[in-house]
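To start, the structure under review is shown below, and the notes come after it.
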Amino acid sequence: MAESGSIEITFDDGGIVEVPAGKTPLEALEQAGKSAGGAVIAEVAGESVELNRPLQVGGSLRLLDFSEPRAREAYRHTASHVMAQAVKRLFPKARLAIGPSIEDGFYYDISLERSLTPEDLPLIEEEMDRIIEADLPVVRRELPRADAIALFRERGESYKVELLEAIEEDGVTVYEQGEFTDLCRGPHLASTGRLKAFKLLSIAGAYWRGDEKREMLQRIYGTAFDSAEDLDKHLEMRQETERRDHRRLGAELELFSIREEVGPGLVIYHPRGAVLRTVIEDFLKREHARRGYDLVISPHIMKSDVWRTSGHMQMEYPMYFFEIEGQAYGIKPMNCPAHIYIYKSKTRGHNELPIRFFELGTVYRHERSGVLHGLLRVRGFTQDDAHIFCTMEQAEKEINDALTFAFEAQRAFGFTEFKIALSTRPEHFVGTEDDMERATATLKKALEDQGLEYFVDEGEGVFYGPKIDVKLTDALGRLWQGPTIQFDFNLPRRFEMTYVGEDNREHSPVMIHRTVLGSIERYIGLLIEHYAGAFPLWLAPVQVEILPIADRHVEYAEEVAERLSGNGLRVEVNRERETTGNKIRKAWRMKVPYMVIVGDQEVEGGNVSVRSLSGRDERGVETEQFIAELADEIASRSSTEA
RNA sequence: GCCGGCGUAGCUCAACUGGUAGAGCAGCGCACUUGUAAUGCGCAGGUUGGGGGUUCAAGUCCCUCCGUCGGCUCCA
């Protein structure tokens with residue numbers, strides 16, 4: 001036991017040191033003859049603290065370096081303070097709002113008299129360099145809330161005052177570095193000089209507290225790393241993301257276009273994109289049929305009464321409405337009502353359940369102009385939409401099967417890493433609490449039966465029912481919205497759906513919405529970025545391009561092409577009078593998986609020379625052999641069984 | 001919808017502080033008949049996103065609308 005007035009610090013290696021209370025982790029380390037190394041912050045008795053914070057209580061001390069998420073946050077949070085300080089120096093009238101660290105970086109929301117432009121960023125960076133150069137100590141100070149309010153009010157920092165007024169505790173902390181003071185919980189780096197590498201990335205608008213009714217602030221995004229190499233690596237990664245951008249590749253690979261003349265958010269599929277989409281849709285139709293879904297088709301427009309019944313009009317869903325011969329119509333934003341009308345086309349008995357309707361349904365939604373983004377956010381898109389109508393008792397098996405289906409399909413497209421969220425009943429909901437709880441329990445049980453890891457998003461379900469959301473991880477480690485499975489206790493009621501039970505009485509069926517890919521448009525965008533445009537063979541719009549060496553080889557090239565396409569392969573012959581090198585280059589740029597080169601040797605030998613995107617380069621391959629190999633490759637990637 | 005950037009030929013980009021639009025690639029034509037990531041020469045292609053204004057003169061300055069990009073917000 002330490003004597004009063006001193007505290008005991010235990011290190012990772014078991015070493016113990018006793019220091020007077022009020023000493024800092026750095027001082028304790030020094031006394032123990034240890035170095036802080038690359039530590040960003042420390043953890044003492046379970047609490048994250050800066051290396052220069054005077055300690056009042058002892059405990060085990062652990063150093064956290066940049067590889068630890070908490071340390072990374074602190075590091076970037078300090079970077080955000082340095083940026084704010086620089087902005088305040090350049091624009092003394094600037095008022096600061098909030099400036100947290102985020103995944104991969106940080107930002108600060110600031111209110112300024114004039115708008116920042118990209119040219120301002122280097123100036124701010126220079127000022128930040130000066131602050132880092134000066135190596136200002138970052139000092140933590142505790143003070144009563146009222147004093148903090150007075151302090152920030154005096155400095156005209158009205159946003160900080162507003163934040164403080166919302167804080168319940170009496171005591172708050174501020175961090176100071178040089179002339180700069182910010183309200184902050186910390187922890188931080190011990191001094192500004194410890195920032196090694198940072199970069200300001202962009203400027204954007206952001207509403208104060210994310211509320212569009214409040215004022216618009218200017219947000220500066222940046223990132224920081226503890227070495228220049230890591231920063232460079234991160235910036236390269238951003239460039240790689242840009243290279244993979246589906247909007248760019250979509251145009252280069254001639255997959256689709258979105259044109260001002262046609263309308264924002266409306267996708268035009270070019271031949272190659274249409275092939276890709278057809279392959280995906282055929283796959284979906286086959287898989288749904290195999291799993292007991294009935295394919296249905298519904299019109300793109302339906303009378304407004306339908307949307308009144310469904311509730312979409314009342315909740316002011318962003319739809320398109322118009323009139324035909326005095327009748328109000330709306331373009332469908334969802335496929336559910338049509339499926340419900342199919343259900344209601346005759347009296348349903350319990351022996352018929354479960355009923356599963358599947359549709360590749362194209363829907364239109366009036367998205368606000370600012371949110372449109374390539375294929376990922378559009379105004380017209382096609383969902384692989386299905387609705388399952390069953391009894392509560394059957395729901396468990398249905399959910400299980402739907403989950404299995406979703407994961408098998410995702411694996412077929414090359415995704416193997418998932419993050420699953422179970423969203424539970426929100427505060428306001430329709431239906432009975434009992435139904436809601438049973439549905440949630442059913443979802444939970446299905447996830448657990450399948451041994452799937454998931455996290456619970458408490459209260460994040462939709463008002464009409466709980467749901468499972470699956471997020472996919474792509475080749476760059478980014479997360480994308482994937483399959484969803486949701487209960488719906490709202491629509492069966494609104495549309496007065498029933499079935500006749502064993503007891504010969506009418507009951508209300510359970511309705512489950514579920515998608516496997518979500519939106520086909522978005523999914524194609526995801527596939528493009530995931531594969532950087534180099535699709536697996538089964539998805540590639542053109543699978544083989546045949547390159548004759550000279551004109552006299554075209555005839556043979558076409559014979560080969562015919563044999564390949566006769567075996568179901570998608571083939572093109574390049575008849576241009578170009579050098580072979582240039583033909584290869586063009587095929588390469590279009591990311592065609594296989595190039596087949598034919599010249600005198602091949603004509604004579606009756607074979608082909610094969611070159612592939614994946615690096616294969618082989619001459620004199622027997623055509624039959626080649627066809628068989630491609631057939632195997634296609635089968636292996638498209639199979640959901642294996 | 002809101003804040004800010006951007007909009008020049010099919011694509012990528014030039015054109016000093018306002019002085020009357022230019023290149024590469026792609027396309028077309030001619031020559032070349034080619035063996036593994038760009039053959040050569042030539043031609044054509046733009047009401048500088050639309051509209052309005054300032055000016056002797058506007059791609060360049062101002063207003064407005066549209067689109068687009070980065071965000072906010074929202075969602076498939």
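Basis for what follows: all heavy atoms, side chains included, without hydrogens, waters or symmetry-related copies. Sequence lines set the chain letters: A, B, ... in the order given, protein chains first and strands last, and positions in each chain run from 1.
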**OP:** Could I get the full list of salt bridge (charged side-chain N to carboxylate O under 4.0 Å, His left out) partners for A/E212, not counting sequence neighbours?
**Re:** A/R368

Subject >> Pairing residues for A/E602 by the salt bridge (charged side-chain N to carboxylate O under 4.0 Å, His left out) criterion, not counting sequence neighbours >> reply: none

How far, in whole Å, is [M] from [N] if one measures between their [atom1] atoms?
| N | M | atom1 | result |
| --- | --- | --- | --- |
| B/rC28 | B/rG19 | C1' | 35 Å |
| B/rA26 | B/rC72 | P | 40 Å |
| B/rU54 | B/rG59 | P | 16 Å |
| B/rG1 | B/rC43 | P | 47 Å |
| B/rU60 | B/rG49 | C1' | 16 Å |
| B/rU12 | B/rG7 | P | 12 Å |
| B/rG24 | B/rA31 | P | 23 Å |
| B/rA21 | B/rG46 | C1' | 8 Å |

**OP:** Assign the ring pair A/H312 / A/Y317 to parallel, tilted or perpendicular, where the plane angle (0 to 90°) is split at 30° and 60°.
**Re:** perpendicular

**OP:** For the residue pair A/H81 and A/Y108, categorise the inter-ring angle as parallel (less than 30°), tilted (30 to 60°) or perpendicular (more than 60°).
**Re:** tilted

Electrostatic pair [X]-[Y], nearest N-O below 4.0 angstrom:
| X | Y | result |
| --- | --- | --- |
| A/R411 | A/E417 | no |
| A/R611 | A/E545 | no |
| A/R552 | A/D600 | yes |

Atom pair distance, as rounded to whole Å: [atom1] in [X] and [atom2] in [N]:
| X | N | atom1 | atom2 | result |
| --- | --- | --- | --- | --- |
| A/L121 | B/rG4 | CG | C1' | 11 Å |
| A/E113 | B/rG4 | CD | P | 14 Å |
| A/D109 | B/rC2 | CG | C1' | 14 Å |
| A/E252 | B/rG10 | CD | C1' | 13 Å |
| A/E578 | B/rA31 | CD | C1' | 13 Å |
| A/R552 | B/rC32 | CZ | P | 15 Å |
| A/Q601 | B/rU36 | CD | P | 10 Å |
| A/E576 | B/rA38 | CD | P | 15 Å |

Original post:
When we call it a touch if two heavy atoms are under 4.0 Å apart, what does A/E242 touch: a base, just sugar-phosphate, or nothing?
Top reply: nothing

Original post:
At under 4.0 Å between heavy atoms, what does A/D385 touch on the DNA or RNA strands: base, sugar-phosphate, or nothing?
Top reply: nothing

Subject >> Residue pairs fulfilling salt bridge (charged side-chain N to carboxylate O under 4.0 Å, His left out) with at least one residue in residues 330-340 of chain A, sequence neighbours excluded >> reply: A/K332-A/E359

Subject >> Per-nucleotide protein contact string for nucleotides 64-76 of chain B, where B marks a base within reach and S marks sugar-phosphate only (heavy atoms under 4.0 Å, - for neither) >> reply: --BSSSBBBBBBB

Original post:
Any chance the side chains of A/S257 and A/H270 put a donor and an acceptor closer than 3.5 Å?
Top reply: yes

Original post:
With distance as the sole criterion, is a donor-acceptor pair present between the side chains of A/Y464 and A/Q486 under 3.5 Å?
Top reply: yes

Subject >> Most 5' of A/E618 and A/H366 on RNA chain B, judged by nearest nucleotide >> reply: A/H366

Original post:
Closer than 4.0 Å, any side-chain N/O of A/S115 to the OP1 or OP2 of B/rG4?
Top reply: yes

**OP:** Give a yes or no on whether the backbone of A/A224 and the side-chain of A/R76 come within a donor-acceptor separation of less than 3.5 Å.
**Re:** yes

Original post:
Hey, where does RNA chain B pair up into stems, meaning at least three consecutive Watson-Crick or G-U pairs with distances under 3.5 Å?
Top reply: B:1-7 with B:66-72, B:10-13 with B:22-25, B:27-31 with B:39-43, B:49-53 with B:61-65

Subject >> Identified ring pair (Phe, Tyr, Trp, His ring centres under 6.0 Å) counterpart of A/Y523 within the set A/F283, A/F381, A/F413 >> reply: A/F413

Original post:
Taking atom CD of A/E604 as the centre, does the number of heavy atoms from other residues, nucleotides or ligands within less than 6.0 Å exceed 12?
Top reply: no

Subject >> Members of residues 579-590 of chain A that approach RNA chain B, where some heavy atom sits under 4.0 Å away >> reply: A/T579, A/T580, A/G581, A/N582, A/I584, A/R585, A/W588

